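All of these numbers come straight from a predicted model, not from anything done at the bench. Whatever order the structure lists ligands and atoms in, that order sets their numbers, starting from 1.
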Amino acid sequence: MKERISALLKRKSSDEVVSAEGWVRTKRDSKNVCFLEVNDGSCLKGLQVVIDKEKLTDQDLIASITTGCSVICRGPIVASAGGNQDVEMASTDITLVGECPVDTYPLQKKRHTIEYLREIAHLRARTNMFGAVARVRNTLSFAVHQFFQERGFSYVNTPIISASDCEGAGEQFLVTTLDLANPPKTEEGLIDYSKDFFGREAFLTVSGQLEGETYAMALKNIYTFGPTFRAENSNTKRHLSEFWMVEPEMAFCDLTQNMEVAEEFLKYLFKTVLEKCSEDMAFFSKFVESGMEETLRTIVDTPFAHLTYTEAVKELEKHNDEFEFPVSWGSDLQSEHEKYLTEVVCKRPVIVTDYPKEIKAFYMKVNEDGKTVRGMDVLVPRLGEIIGGSEREADLEVLTKRMEELKLDPEAYWWYLDLRRFGSVPHAGFGLGFERLVQYVTGMGNIRDVIPYPRAPKLADF
Ligand code: 4AD
Ligand code: MG
C-alpha cells in the first residue's frame with residue numbers, strides 16, 4: 001500500500017524518494033519556487049510540496065497546476081523551513097493527473113457558506129469542514145461495531161423493506177411497483193395491494209427493532225446498524241427522512257441495565273473520537289462549537305443525570321412562560337423542553353424515564369401504575385433526544401391488550417407475539433440516531449451536514 005499524506009507528515013527528514021497523491025488545495029508561486037498544498041483526505045492538514053522551478057524539465061507544468069487539480073508528486077520528505085509544518089516534500093517530479101479549470105471550479109480558495117456547499121454536496125467533502133465530518137463519521141461508525149463486538153453482541157442485518165410499522169406512527173414510505181396512474185382496485189374501490197410486487201403493502205423500515213428482538217430471543221445480545229426512513233414532515237435541524245440507526249437489543253435485561261449500556265456506549269464513542277480524531281476535533285472546537293473537546297471530556301468523566309418524566313414535567317412547569325409550547329403531565333416533550341432539561345436543569349446529559357403510555361410506542365413495558373411505561377430517552381445539550389429506548393412488554397396478554405387499544409392488528413404481528421408465547425424473557429434495547437451522534441460530537445448546527453447526501457421533505461438531490 002502506498003503511504004497516505006497523514007503518514008508522510010509523520011516521517012522524519014530523509015533522502016528516500018516517496019510519492020504523494022492528492023488534490024491541490026492552494027498554490028503559491030514566486031520566481032524560483034512554487035509551493036503547493038496537496039490534500040488526500042487522510043487528515044485535515046495537507047502536505048506542502050516545494051518545487052524548485054529551475055530544476056523542473058517541463059516549465060509549462062506550473063501554469064497548468066491550479067486549485068482542485070489532481071497530482072502525483074515525488075521527492076524526499078525534508079525538514080520544513082516554514083513555521084506551519086515540521087516536514088515538507090522537495091519535488092521536481094510532478095505529474096498533473098487531472099486538470100481543474102479555475103473559472104468553472106465551484107470551490108474557490110475563499111470561504112464558502114455552508115448553504116452554498118450543500119448545493120454542491122458532491123464536492124463538499126473536499127473542504128476542511130466536510131472532510132473532517134467524514135473522518136469523524138467513519139471513526140464513530142467503526143467504534144459502534146467495536147463497542148458491541150468487544151462485548152459479545154452479534155451484528156444482525158434487519159430488513160430495509162418491512163411489512164410492519166415498529167413505531168406505529170404511520171410515518172412510512174410505501175414501496176410499490178403499481179402503476180400510480182391506474183392502480184388495480186378491490187371490489188370496495190380500494191387499491192388492491194395483493195397485485196403489488198410483494199403481494200401486500202410494504203414499506204421502508206422506520207426501525208429494525210421488532211426484527212432485532214426476534215434475534216435477541218435467540219442470540220441474547222444483538223445490534224443492528226442500518227438505514228431507517230421516516231416520512232415525517234419535519235423540517236428541522238435534527239430530522240432527516242433517511243438516517244442511520246444503531247439498535248442494540250438484549251434479552252434478560254431490564255430498563256436499569258439498558259440505561260447503563262446506553263451511558264457506557266455514548267461515553268465510549270466520545271472517548272474514541274477524542275483519541276482517534278484529535279486533529280479534526282480540535283478543528284471543530286475552534287471553528288464550529290467552541291470548547292467541544294473539553295465538553296466531551298467532561299461528559300466522559302461525569303455520571304448522566306436521571307429524571308422520571310413526572311419529575312421532568314414538574315421542573316418544566318415552573319418555566320412554562322418561557323416555552324412556545326407550555327407543558328403539563330401527559331404532553332409530549334418538544335425539543336425546547338428536552339434542551340431545557342439537559343442544558344438548564346441538569347447541565348449534563350440526562351436520561352428521562354417512565355413516560356405516559358399514550359405518548360410512547362405499543363411495545364414498551366407498562367409500569368405497575370398502569371399509566372406509564374418503562375421507556376427512556378437520553379437527552380444531550382444543544383440537541384435534545386439522541387437515544388430512545390425501553391424495556392419491552394414481555395407479557396403476551398398485556399401486549400395484546402395494548403395493541404388493541406392502539407388499533408393495531410395483533411394478527412399482523414403474530415410473529416412478534418410468538419416471542420411472548422415461546423420462552424418469553426424480560427428484554428430491552430434502544431436506538432441511537434447515528435447522525436444525531438455525529439452532529440453532537442462535531443457541534444455541527446444542522447443534521448443535513450453530517451450525512452453525505454441528506455434526504456428531507458422536498459429534498460432528494462443527487
Ligand atoms: O426514538 P425512536 O423513534 O426509537 C425507535 O425507533 C426505537 N425503535 C428504537 C429502539 O428502541 N430500538 O428513534 C431512535 C433515535 C432517536 O432517539 C433519534 O436519535 C433518532 O433515532 N431519530 C432520528 N434521527 C434523525 N432524523 C429523524 N427523523 C429521526 N427520528 C429518530
Ligand atoms: Mg424517540
Stepwise side-chain contact (heavy atoms from CB on, under 4.5 Å) check, I114 with M444: CA-CA 10 Å; I114 224 160; M444 294 290 283; 3.9 Å; yes
Do we get R151 above F147's six-membered ring, with its NZ or CZ under 6.0 Å from the centre and within 45° of the axis?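 Yes, a cation-pi geometry.
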Would R455 and F173 count as a cation-pi pair here, with the cationic atom under 6.0 angstrom from the ring centre and within 45° of the axis? no
Closest non-hydrogen atoms of P410 and M403, given as atom of the first, atom of the second and distance, are CA-CE, 4.2 Å
Would [X] and [Y] count as having a side-chain donor-acceptor pair, cut-off 3.5 Å?
{"X": "Y223", "Y": "Q149", "value": "yes"}
{"X": "E294", "Y": "S285", "value": "no"}
{"X": "N367", "Y": "T372", "value": "yes"}
{"X": "E213", "Y": "Y416", "value": "yes"}
{"X": "Y363", "Y": "Q209", "value": "yes"}

Tell me the contacting part of [X] for ligand 1: side chain, backbone, both, or neither, using a 4.0 Å heavy-atom threshold, strictly below.
{"X": "Y440", "answer": "neither"}
{"X": "D377", "answer": "neither"}
{"X": "T228", "answer": "neither"}
{"X": "R455", "answer": "neither"}
{"X": "E167", "answer": "side chain"}
{"X": "F430", "answer": "backbone"}
{"X": "S234", "answer": "neither"}

Which of these, [options], has its nearest heavy atom closest to [atom]?
{"atom": "atom 16 (C) of ligand 1", "options": "E171, Q439, E385", "value": "E385"}
{"atom": "atom 14 (C) of ligand 1", "options": "M245, E249, Q209", "value": "M245"}
{"atom": "atom 13 (O) of ligand 1", "options": "R230, E213, E391, E247", "value": "R230"}

Classify the ring geometry between [X] and [Y] as parallel (under 30°), tilted (30 to 60°) or perpendicular (over 60°).
{"X": "H337", "Y": "F323", "result": "perpendicular"}
{"X": "F430", "Y": "F265", "result": "tilted"}
{"X": "F462", "Y": "H122", "result": "tilted"}
{"X": "Y116", "Y": "H112", "result": "tilted"}

Give me the residue, atom name and distance of the protein heavy atom closest to [atom].
{"atom": "atom 15 (C) of ligand 1", "result": "G431 O, 3.5 Å"}
{"atom": "atom 31 (C) of ligand 1", "result": "F243 CZ, 3.6 Å"}
{"atom": "atom 18 (C) of ligand 1", "result": "R436 NH1, 3.6 Å"}
{"atom": "atom 19 (O) of ligand 1", "result": "I386 O, 2.8 Å"}

Measure the distances from the heavy atoms of [X] to every atom of ligand 1 and state whether one is below 4.0 angstrom.
{"X": "R238", "value": "yes"}
{"X": "Y363", "value": "yes"}
{"X": "M364", "value": "no"}
{"X": "S390", "value": "no"}

Short side-chain to backbone donor-acceptor contact, [X] and [Y], under 3.5 Å:
{"X": "D418", "Y": "R421", "value": "no"}
{"X": "R392", "Y": "H427", "value": "no"}
{"X": "E263", "Y": "F304", "value": "yes"}
{"X": "E343", "Y": "R382", "value": "yes"}

In the protein, N/O/S atoms that are found under 2.8 Å from the Mg ion (ligand 2), waters not counted: E385 OE2
State the atoms of ligand 1, each with its element, that fall below the 4.0 Å cut-off from a heavy-atom position in [X].
{"X": "C166", "answer": "8 (N)"}
{"X": "I387", "answer": "17 (O)"}
{"X": "G388", "answer": "1 (O), 9 (C), 10 (C), 11 (O), 17 (O)"}
{"X": "G389", "answer": "11 (O)"}
{"X": "R392", "answer": "10 (C), 11 (O), 12 (N)"}
{"X": "S207", "answer": "6 (O), 8 (N)"}
{"X": "E232", "answer": "28 (N)"}

Calculate, to the nearest 0.5 Å, the distance between atoms CG and CG belonging to L123 and L117 respectively. 9.5 Å
Hey, is ligand 1 close enough to [X] that some N/O pair sits below 3.5 Å?
{"X": "L432", "value": "no"}
{"X": "H239", "value": "no"}
{"X": "G433", "value": "yes"}
{"X": "L240", "value": "yes"}

Side chains of K365 and P426: does their closest heavy-atom pair fall under 4.5 Å?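 Heavy-atom side-chain distance check fails, nothing below 4.5 Å.
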Is it true that E358 and K371 make a salt bridge, defined as a side-chain N closer than 4.0 Å to a carboxylate O? no
